[in-house]
Amino acid sequence: MASRSHVDVNERRLRPIYDCLDNGNNKKAIQEADKVLKKQRDLQCAKVLKALALLRLGRHDDSTAILQEVHTQHPTDEPTLQAMAICYREVHKLELIANMYENAHKARPDNEEILSALFMSYVRLGDYKKQQQTAMVLHKLRPQKNPYYFWAVMSIVMQAHSCQDKKLAKTMFLPLAERMTQKYFKEEKIEAEAEVQLYLIILELLEKWEAALDLIQGPLGEKIVSEYNYQKIKAAELYSKLEKWHKANAIYKDLLKSNPDHWRYWQEYLKSMLNLSAAGWTPDNDSQEQMEDIDYTEEQGLKFIQKCLQDTENPRTPRAPYLAKLELIRLLRENGSDKLHLLEEPLQLLEEYFDIYGHKFCCFADLKLFVDLLDDKEQIKLIENLSEKIHFIKDVNPIVDAQDTKELQRHVTLLQLSRYLNMHGSLSIEGKITLSIEEKITLSKELIHRHKNSLDLGKELLSTDMQYADNYMLLAVALLVDVWQETGDNKVAWQIIVQLEKGVRASTSSYQFKFLLIRMYCTMGAFGPCLSLYDGMEIKHVMNDTLGHIVSNHVTRLGHFMAACAMYGSMLRFFTVNHKETTEYLIASYKYGSFSKIQEFVRFREKLQNSLQYASATAERLLLDLVLETNSHTATEQMVSYMEIDPEKDKTVFDELCDNRDFAVMTVWDPPERYSMEQFQEKSFEEEKAWLRIRNLTLRLLAASVMLGRQPESDTHANNGVTTNDKTPMHEVVQNLQQQLSNHFKHCKSLKIQEQNLIHGPFRTRLGTYMNSHHGQMFVHMVDNVTYTHMLQEGGVDKVDNEKEEAMRMSVPSLAEEMVLRHKGSLFVTENDRKSLNPSVLENLVLVAESISHATVLAGVCHKMLKPMKLSRTRKGKKKKDNAPPMPSTFENFNTLVNGLEKAAHNLHSAMFQLDPLFLAVDLGSLNLSESLLDTEEDAQIEKEVWDSVQRSYQHSVREVTEFLHNKMQYLNSLLL
Amino acid sequence: MTTIRPFTCEDLFKFNKVNLDPLTETYGLPFYMQYLAHWPEYFQIAESPSGEIMGYIMGKAEGSGELWHGHVTALTVAPEFRRIGLAAQLMNILEEISETKRCFFVDLFVRVSNKVAVDMYNKLGYTVYRRVIEYYSGEEDEDAFDMRKALSRDQDKKSMVPLPHPVRPDELE
């Protein structure tokens with residue numbers, strides 16, 4: 001009793017601290033904790049709660065000091081342990097949680113809560129072996145509690161999952177897990193659904209289909225009730241695996257009776273039926289098979305499809321049975337079957353399908369799957385026949401509009417299909433011809449007109465709905481994109497933007513317009529308008545990973561550095577926060593026995609952690625930080641130490657990078673022969689990786705050089721006051737990285753960078769821009785200067801090498817000069833007496849600005865090493881006035897280098913100013929850079945607004961880049977010796 | 001024509017077409033993972049034959065005694081797959097699962113302005129049990145209807161008898 005009341009007293013005393021923490025009042029929490037500690041100096045829990053409050057106030061060092069103290073005392077009481085675990089979780093020191101519970105367990109080996117918390121701490125670490133051991137200790141402690149035993153089993157399954165040697169998984173871990181489960185099975189100790197599920201997982205991993213089937217259909221199968229129809233679906237799957245087609249067929253048929261729209265069931269049903277037919281299977285007269293409803297011939301299959309179609313009980317005719325017929329035709333053709341005559345012609349079926357479902361949004365997606373059953377002639381016939389069915393489009397002079405949304409949608413379906421079949425929409429086509437440029441423009445004008453007139457049909461829609469007419473505009477835009485790409489005429493691009501702006505104004509929730517607009521604006525060099533479009537789509541959380549690429553590839557490229565920092569910042573926050581938080585759900589899965597989710601969660605976390613987007617955003621953000629606000633070398637050095645970069649190690653594991661970008665979000669109706677998104681994405685992924693490698697190497701080289709410059713003469717790293725000699729000397733690290741970068745350039749040259757002809761697909765990286773100019777060369781030469789300077793620092797100025805001196809004086813300045821000259825130019829180009837805007841100037845100049853700033857940082861490193869040498873030289877010179885040693889040419893040559901860079905930066909600065917429309921005193925809108933497609937007031941107004949925002953965007957880029965260059969010139973100025 | 005199957009984490013990479021709909025909220029990963037870990041059977045996704053995500057339903061079972069019920073947390077269908085009865089199919093699954101769990105009823109919250117959804121739920125047998133004042137926060141707060149449908153265990157449909165007065169969100173049990 002005495003000890004109990006003691007606990008109560010503590011609880012009462014600590015309560016105010018907890019309350020303050022809960023309310024976010026951390027300062028008060030510290031005061032309350034101090035009050036308690038005055039009375040009870042050694043109350044661990046009060047100390048830890050104070051540490052938590054300190055942590056939340058950002059006072060990490062103070063917090064850590066307290067935690068370290070308490071940690072060494074090996075606390076064992078629940079509240080203290082819990083509070084400490086919270087602290088460690090917030091700073092992501094998960095191994096300390098495990099260590100803390102290990103200590104507590106040693107002191108109180110019989111405590112179940114501590115042991116269970118220890119298990120969970122290993123789950124956070126993904127230490128499956130220790131998980132298993134701990135679960136077994138728990139099991140011995142509480143043998144009557146099943147979950148502990150199965151935690152151990154699952155931990156073994158996870159060891160199989162994670163072990164590199166798949167043979168070991170199959171011969172050791174999984175059989176062990178199986179034996180352990182079997183033991184409980186035989187002793188009839190299996191209680192919960194989760195335990196049966198886990199048994200099933202193991203059997204399936206071992207590919208023991210028979211045993212899995214026995215389990216599912218045995219008495220324990222009854223325990224699986226959560227998942228709807230699980231027993232049936234699983235059994236059918238297993239029968240298919242075992243090629244017991246008659247059994248599979250009976251189950252799928254049964255499932256289809258209650259759910260005739262389930263597409264996968266139809267696929268499996270047809271497959272099993274055809275397999276039975278091919279094998280000439282018939283039911284055994286005496287057996288139960290007679291009783292079961294099995295379809296083993298094509299005739300029976302068709303009969304069943306017909307029956308589903310005529311089912312009058314179903315209020316809504318399901319789409320799947322119609323398409324099952326088409327699927328059957330496809331399968332029969334693949335098998336070269338002679339039963340095709342049983343079915344109608346595909347052309348007829350597709351037309352019938354259009355009659356029933358043509359007015360549904362999804363009709364095109366359904367038809368698309370089967371149009372390849374038609375030959376070229378039939379495809380033309382299909383479009384002709386469908387056109388006949390839509391009466392209001394017969395006359396286009398004048399255009400008659402759809403009277404209701406069903407008519408409209410049927411027309412849209414026809415247009416989608418026409419585009420997909422490469423004959424875009426004209427009504428009477430003689431052969432399968434692509435439209436001429438003029439015809440495309442005419443048709444797109446017609447569709448824009450229809451779009452406008454059909455908006456009335458959606459008057460009643462909410463602002464959160466999309467307009468019925470949206471697709472008219474999107475189809476018109478698709479045609480204009482064709483024209484733009486075929487002619488290369490940028491005037492068309494501006495018209496596309498105007499039309500898209502019109503579309504999005506009429507349908508503010510339609511993200512298709514927004515995606516296309518972002519892409520178009522960025523392609524034309526204007527990032528400004530994209531920010532609000534992007535934010536307007538509420539892209540957040542996991543979408544940062546899948547959709548972030550639509551802006552992250554452009555924002556730096558187009559010189560919107562501030563916006564870039566903010567965007568990379570929020571993307572990176574998503575990745576780091578989630579990596580911390582999602583571990584808790586692994587724990588939850590053990591608690592709830594959702595064993596099937598554990599492997600899924602682990603894989604998911606790996607995919608996020610290895611995301612290309614994550615790695616790219618990290619590199620870009622660090623590179624930006626390094627050059628953006630550094631106008632002196634001291635600032636650069638501070639930034640580098642703050643970044644905690646380990647130049648020896650690449651943070652990116654390139655072989656494990658995952659491409660989580662989603663390109664399926666954009667609707668495309670282009671003919672499939674024109675592109676393959678998978679191929680585009682694969683190639684783009686290769687290019688992204690190559691570019692990322694350049695970025696990572698650049699970053700590491702910059703960091704390593706800055707570190708090299710900071711070092712005292714002795715070439716060893718100081719690490720927490722302890723000198724470690726096993727590390728590679730920094731100058732070797734620099735040389736090594738330089739070598740890697742040069743080698744990588746060779747690889748990049750061999751890489752074919754794809755043409756950007758798919759506006760729905762991935763955008764290129766800056767790799768091409770980088771490789772086509774001397775960026776890489778200049779950087780590598782600048783690193784040469786660093787290593788040469790370092791050698792002088794080590795060996796003294798007597799080591800002067802004339803060739804390298806000459807290189808220092810000449811190479812980088814001339815490369816920089818040349819790059820500026822090559823890329824500076826007017827924002828406008830004149831072709832055939834027509835002015836148009838040249839979007840590549842901006843990108844080129846921004847990249848030159850970046851390269852000059854990288855060179856500046858490296859020049860800062862040289863300066864750092866040369867300055868003391870010059871000082872000591874001068875001092876010596878003063879002492880021996882008579883025969884002062886001549887100043888080596890190095891200092892002068894370095895100054896020439898700095899002057900050269902300064903001059904290049906200066907020239908670049910004025911080249912940037914040339915891009916500012918305001919500076920040029922021109923109004924983009926008045927230049928007639930685009931040619932209006934439609935002569936309407938609305939279009940003219942939108943066009944004016946578009947030009948205004950593009951102009952603002954260019955001005956913004958110019959302002960940011962010139963400010964940035966201004967900083968660099970200041971930086972360079974401070975480097976003169 | 002649709003394939004309905006359990007939602008997996010992998011689907012989070014691909015559900016953009018559904019989630020870019022302005023009325024479909026994208027939550028932080030913990031929210032989805034909590035449901036996947038606790039009620040995986042209640043989280044189902046519909047996929048088109050070409051592998052596109054058409055929509056999904058997310059729910060849970062909670063409450064004690066006669067308030068033990070299935071709850072629809074989110075139900076959404078991508079614009080191009082609307083008006084083909086998909087939402088009804090997904091709701092049907094959630095109700096079946098709730099039946100096997102011996103729940104008394106299924107409930108859900110819906111914006112009072114979302115007439116299309118309210119009508120659809122009516123058709124599926126749901127009625128307004130009560131109105132919740134300013135349940136949805138945003139630029140302008142909006143009320144919610146708490147709609148219910150009794151399951152077979154609630155033979156007298158006691159759970160559906162509407163409350164006479166609206167309630168505030170803090171009064172929800």
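Each chain gets a letter, A, B and so on, in the order its sequence line appears, and its residues count up from 1.
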Looking at the rings of B/Y135 and B/F109, which for Trp means the six-membered one, are their centres under 6.0 Å apart? yes
Under 6.0 Å between ring centres, would you say that holds for A/Y357 and A/Y353? yes
Under 4.5 Å heavy-atom distance to chain A, tell me which part of B/K17 shows up: side chain, backbone, both or neither. both
Who among B/F13, B/Y27, B/W39 has the most heavy-atom pairs with chain A under 4.5 Å? B/F13
Applying a strict 4.5 Å limit to non-hydrogen atoms, the region of A/F663 in contact with chain B is neither
Does atom NZ (A/K406) have a neighbourhood of more than 12 heavy atoms from anything else shown, all under 6.0 Å? no
Taking side-chain hydrogen bond (donor to acceptor under 3.5 Å, both in side chains) as the test, write out the residues that go with A/E227, two or more places apart. B/Q44
Nearest heavy-atom approach of A/S509 to A/K514 is CA-NZ, 4.4 Å
Would you give the length of the straight line joining atom CE of A/M537 to atom CG of A/L547, rounded to the nearest 0.5 angstrom? 7.5 Å
Does the ring centre of B/H69 sit less than 6.0 Å away from the ring centre of B/F104? no
Can you tell which of B/Q89, B/M54, B/E96, B/R5 has the highest number of heavy-atom pairs within less than 4.5 Å of chain A? B/E96
Based on non-hydrogen pairs under 4.5 Å, which of B/N114, B/T100, B/L23 is most in contact with chain A? B/L23
Expected contact set for residues 605-614 of chain A against chain B at heavy-atom separation under 4.5 Å reads A/K607, A/L608
